[in-house]
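Following: one structure in C-alpha cells, then a few remarks.
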There are 2 protein chains.
Amino acid sequence: MSLPASQRRSLLQEARCQTCSLSSLCLPLALELEDMGQFDAIIRRRAPLKKGEPLFRQGDRFTSVYTVRSGSLKQVTSEGNGNDQLTNFFLPSELVGLDGIDEEHYPGSVIALETTTICEIPFDRLDMLSEELPELRGQLYRSMSKELRDDRRMMRLLSRKTADQRLASFLLTLSERFRRRGYSPYSFRLSMARADIGNYLGLAVETVSRILSRFQQQKVMAVSGREVNILDMQRLIALAEEDAQTVSSR
Amino acid sequence: MSLPASQRRSLLQEARCQTCSLSSLCLPLALELEDMGQFDAIIRRRAPLKKGEPLFRQGDRFTSVYTVRSGSLKQVTSEGNGNDQLTNFFLPSELVGLDGIDEEHYPGSVIALETTTICEIPFDRLDMLSEELPELRGQLYRSMSKELRDDRRMMRLLSRKTADQRLASFLLTLSERFRRRGYSPYSFRLSMARADIGNYLGLAVETVSRILSRFQQQKVMAVSGREVNILDMQRLIALAEEDAQTVSSR
DNA sequence: CGACTGTTTGAACCGGGTCAAGTTTGGTGG
DNA sequence: CCACCAAACTTGACCCGGTTCAAACAGTCG
C-alpha cells in the first residue's frame, strides 16, 4: 500500500518535532534547532490507536518511552485479583512509560481513551543521545522529577481529601493541563468514563456521579455527559483546597 | 577541634563508597572500582543529624541529592493550612531529594527520625559525571523509575485498601527493606511514631494503634512500643493482599 | 431499533474518623 | 538514680461520609 509522494512527505513532516505544535511542552523543549534534528531522527511514528486499544500491556518488555501527540490514554495496573488501579491519565505532550525503566517491564497497561496518536522514543537511543545533549538529559531528569512531585500531590489527595475535594482538584488539574495546551480551561470534554475517574480518585462511580450532579446544582459547573463547563472557577478552587465547613459557611 | 590523624583518616575512610557496606544497594552500585573513585570524589560527608533535625526544609533551593548512610528520615510536605502529608520514609542506601530537580526547590522537608548520617551528592556534579559514566546515568534513571513505581503502589494502597491491609502492607514493606539491608525481616524497631505511620497511610493515629493491638491479639505479631516481631509472616501477607472476607474465613 | 454499556439516583449500612479519657514512655533536672 | 512532666500511645463510644446494593434511565453502536 503506497501513497503519493506528497502525502508521504506530509506524514513524515507531521512526525517532525520542529513542526510539532507541542514542541514547547514536549521532551525536546530545551533543545536547539540543530539538536532537535538529532532527536527527531530517533523518534518513531506509530499508527494511531483506536479507543480502547493498548499502547502496551502490563508486563510487556520495556523498550521505549512515548509522548502523546493527540488524544489521551489511561494507565491501569492490575493486581491479579479483580480490582485494577488506574494510576494516570496522559494528555498530549506528556511522557508515558518512565516507570518501566527500572524493572525493564511496563508496570501497567496504557490504553487509549479515544483515537490517539503517539511518538515512540526508543529508550536506548534516548539514553545515548542524552549523553551528548545535556539539555535533553536535564529535561528527562526534570520530567521524571515532575512526575514524582505529581505523585506526591496525588497521595495527599488520596489520603487527606474528601470526595468533593478530590473531584474539584481533579477537574482543576485537567483544566490547567488544557489551558497550558492552548485549549479553554473552562470548557472541555472528559475523555474518560465516570468509572475511570472514580477508580483514579479512589471513589465509587456513584459518588463521582452524585458529586458532579451536586456541583452542577450549586452552579459551580455545567455538566452534560462528558462535556464540562466550569462556571465558577473561584468556587471550584475553594472546594478543592478548603475543608468542608469553610466552604459551606459562605 | 582536631582529631589524631588516624581517626581523621578513619572518618574519611568511612565516607568512601569502596568501603561502604551499602555499596551494593546504593547509587554507585553499577560502577567499576575505578569509576567509583570518580564518584567518591564528588560526594560530601555531612555531620550526623540528631533526631528531629531537618536534612533540608520545604522550599530550600535544590542543590543535591542525598543517600542515607545510617538511621532514617521522613519527608513531610506542608500545604500551608495545618495538615501536613508524610510522603516517604527513607532508610539506608535510599536516595533523597529526587523530586526537587524539576522545580529547583525541595517540595517537602526531610527530617531525621533518629540519629542519622548522610552522604551529600551535589546534583550538578552528579549530572556531569553521569555524562561520562553510562552506568551511573542508568542507575539514576532506574532509581527515579523505581520511585515512580513505588508511588503507584502507594496510590493503590491509599485508594483501594482497608486500614488492616494498609498496616499489613506497610509492615511487610519495612520488613522487606530490612531484609535487603541484611537485618532480620522478622524483628525490627520502628523509628517513626504511630502518628507518622497514620499520616503516611492516610489513617488516624487511633486506627493505627487499634489495628496493631488487634494484630498482636491475633498472634500475627508481637508489638511492644516500637519493637515489632512478626510471628506469622504468611498470615501478614494474606492480610495485606486479600480482602476482608477471604482472610476472616479461615 | 434493540442490546449493551455508561450514568444517575435512592436507601441502608459500615469502616474508620473524631472526641474523650486514661495509661505508658522517655527525656530532663534535681 | 529517681521524680516529674510532656509527649506518645491505647482504648472506648459515637457518628458520618462514602460504599454497597438496587433500580431506573440515557447514550451509542451494531
Side-chain angles (χ1 to χ4, degrees), chain A residues 50-52 74 82-83 86 111 113-115 157-168 170 189-218 221-228 239 242-245 247-248, chain B residues 50-53 74 82-83 85-86 111 113-115 157-170 189-218 221-228 239 243-245 247-248:
Chain A
K50 288 201 282 284
K51 180 176 175 172
K74 63 177 174 182
N83 62 17
L86 204 165
I111 295 164
L113 292 168
E114 58 197 310
T115 302
L157 179 146
L158 290 172
S159 81
R160 304 240 94 79
K161 294 195 176 184
T162 65
D164 285 38
Q165 293 174 317
R166 292 183 199 195
L167 246 307
F170 174 69
R189 184 182 164 72
L190 302 171
S191 59
M192 67 293 285
R194 300 285 191 273
D196 290 334
I197 299 177
N199 189 326
Y200 180 60
L201 296 178
L203 299 171
V205 200
E206 294 92 328
T207 307
V208 174
S209 185
R210 265 186 264 271
I211 292 174
L212 286 179
S213 299
R214 186 147 38 78
F215 282 178
Q216 181 157 26
Q217 165 192 327
Q218 292 169 175
M221 54 179 43
V223 184
S224 169
R226 297 193 174 179
E227 290 296 334
V228 169
L239 281 165
E242 300 172 3
D243 50 343
Q245 60 228 40
V247 175
S248 64
Chain B
K50 287 201 283 286
K51 181 175 175 173
E53 282 184 347
K74 62 177 174 182
N83 62 16
Q85 171 69 27
L86 204 166
I111 294 163
L113 292 169
E114 58 197 310
T115 302
L157 179 145
L158 290 172
S159 82
R160 303 240 95 79
K161 293 194 176 185
T162 64
D164 286 37
Q165 292 174 318
R166 291 182 200 195
L167 246 307
S169 301
F170 173 69
R189 183 182 164 74
L190 303 171
S191 59
M192 67 294 286
R194 300 284 191 274
D196 290 334
I197 299 176
N199 188 326
Y200 181 61
L201 296 177
L203 299 172
V205 199
E206 294 92 328
T207 307
V208 175
S209 184
R210 264 187 265 272
I211 292 173
L212 285 180
S213 299
R214 187 146 38 78
F215 282 179
Q216 181 158 26
Q217 165 192 327
Q218 292 169 173
M221 52 179 43
V223 184
S224 169
R226 297 193 175 179
E227 290 297 333
V228 170
L239 281 165
D243 50 340
Q245 62 227 41
V247 177
S248 65

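Note on naming: letters A, B, ... go to the chains in the order of the sequence lines (proteins, then strands), and numbering restarts at 1 for each one.
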Would you say [N] has OP1 or OP2 under 4.0 Å from some side-chain N or O of [X]?
X        : N      : answer
B:Arg226 : D:dC9  : yes
A:Thr207 : D:dG18 : no
A:Arg166 : D:dG18 : no
B:Ser213 : D:dT11 : yes

Just to be sure I understand the rule, does [X] reach a base, reach only the sugar-phosphate, or reach nothing, if contact means heavy atoms closer than 4.0 Å?
X        : result
A:Ala193 : sugar-phosphate
B:Leu212 : nothing
B:Gly202 : sugar-phosphate

Name the pairs: protein N/O against N/O of nucleotides 20-23 of chain C, kept only if under 3.5 Å.
none

Please enumerate all protein N or O atoms sitting under 3.5 Å from an N or O of nucleotides 23-30 of chain D, with distances to 0.1 Å.
none

- Using the test ring pair (Phe, Tyr, Trp, His ring centres under 6.0 Å), find all partners of A:Tyr200 that sit at least two apart in sequence or belong to another chain.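 A:Tyr200: ring pair (Phe, Tyr, Trp, His ring centres under 6.0 Å) contacts with A:Phe89, A:Phe170.
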If I compare all heavy atoms of [X] with all of [Y], which pair ends up nearest, and what's the gap?
X        : Y        : answer
B:Val208 : B:Gly198 : CG2-CA, 3.6 Å
A:Lys161 : A:Gln165 : CA-OE1, 3.2 Å
A:Ile111 : A:Gly52  : CG2-O, 3.5 Å
B:Lys51  : B:Leu113 : CG-O, 3.5 Å
B:Gly202 : A:Ser159 : CA-CB, 3.5 Å
B:Ala163 : B:Leu203 : CB-CD2, 3.7 Å

- Any donor-acceptor pair under 3.5 Å joining the side chain of A:Arg210 to the base of C:dG10?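 Answer is yes: a donor-acceptor pair is held.
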- Side chain of B:Arg194, base of C:dT25: donor and acceptor closer than 3.5 Å?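 In this structure, the two groups form no donor-acceptor pair.
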Could you state the atom-to-atom distance from [atom1] of [X] to [atom2] of [N] in whole Å?
X        : N      : atom1 : atom2 : answer
B:Leu203 : D:dT10 : CG    : C1'   : 16 Å
A:Leu201 : D:dG18 : CG    : C1'   : 14 Å
B:Asn199 : D:dC9  : CG    : P     : 13 Å
B:Phe215 : D:dC9  : CZ    : C1'   : 17 Å
B:Gln216 : D:dC9  : CD    : C1'   : 13 Å

- the helix from C:dC1-D:dG30 to C:dG30-D:dC1: angle between its terminal axes, five pairs each, to 10°?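 The angle, to the nearest 10 degrees, is 50°.
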With rounding to the nearest 0.5 Å, note down the distance linking [atom1] in [X] to [atom2] in [Y].
X        : Y        : atom1 : atom2 : result
B:Leu167 : B:Leu201 : CG    : CG    : 6.0 Å
A:Ile197 : A:Ile211 : CD1   : CD1   : 11.0 Å
B:Glu53  : B:Glu114 : CD    : CD    : 13.0 Å
B:Gln218 : B:Gln216 : CD    : CD    : 11.0 Å
B:Thr162 : B:Leu239 : OG1   : CG    : 8.5 Å
B:Leu158 : B:Arg166 : CG    : CZ    : 5.5 Å

- Item | Among C:dG16, C:dG17, C:dT9, the one nearest A:Ser209 by side-chain distance |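 Per side-chain heavy atoms of A:Ser209, the pick is C:dT9.
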Give every pair of a protein N or O atom and an N or O atom of nucleotides 2-4 of chain D that lie under 3.5 Å apart, one pair per line with the distance.
none

- Any pair counted as salt bridge (charged side-chain N to carboxylate O under 4.0 Å, His left out), so long as it reaches residues 204-215 of chain A, sequence neighbours left out: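 Output for this query lists A:Asp164-A:Arg214.
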- Query: Mind checking whether B:Leu86 and B:Met192 have side chains closer than 4.5 Å, heavy atoms only?
  - Reply: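 B:Leu86 does not reach B:Met192 side chain to side chain.
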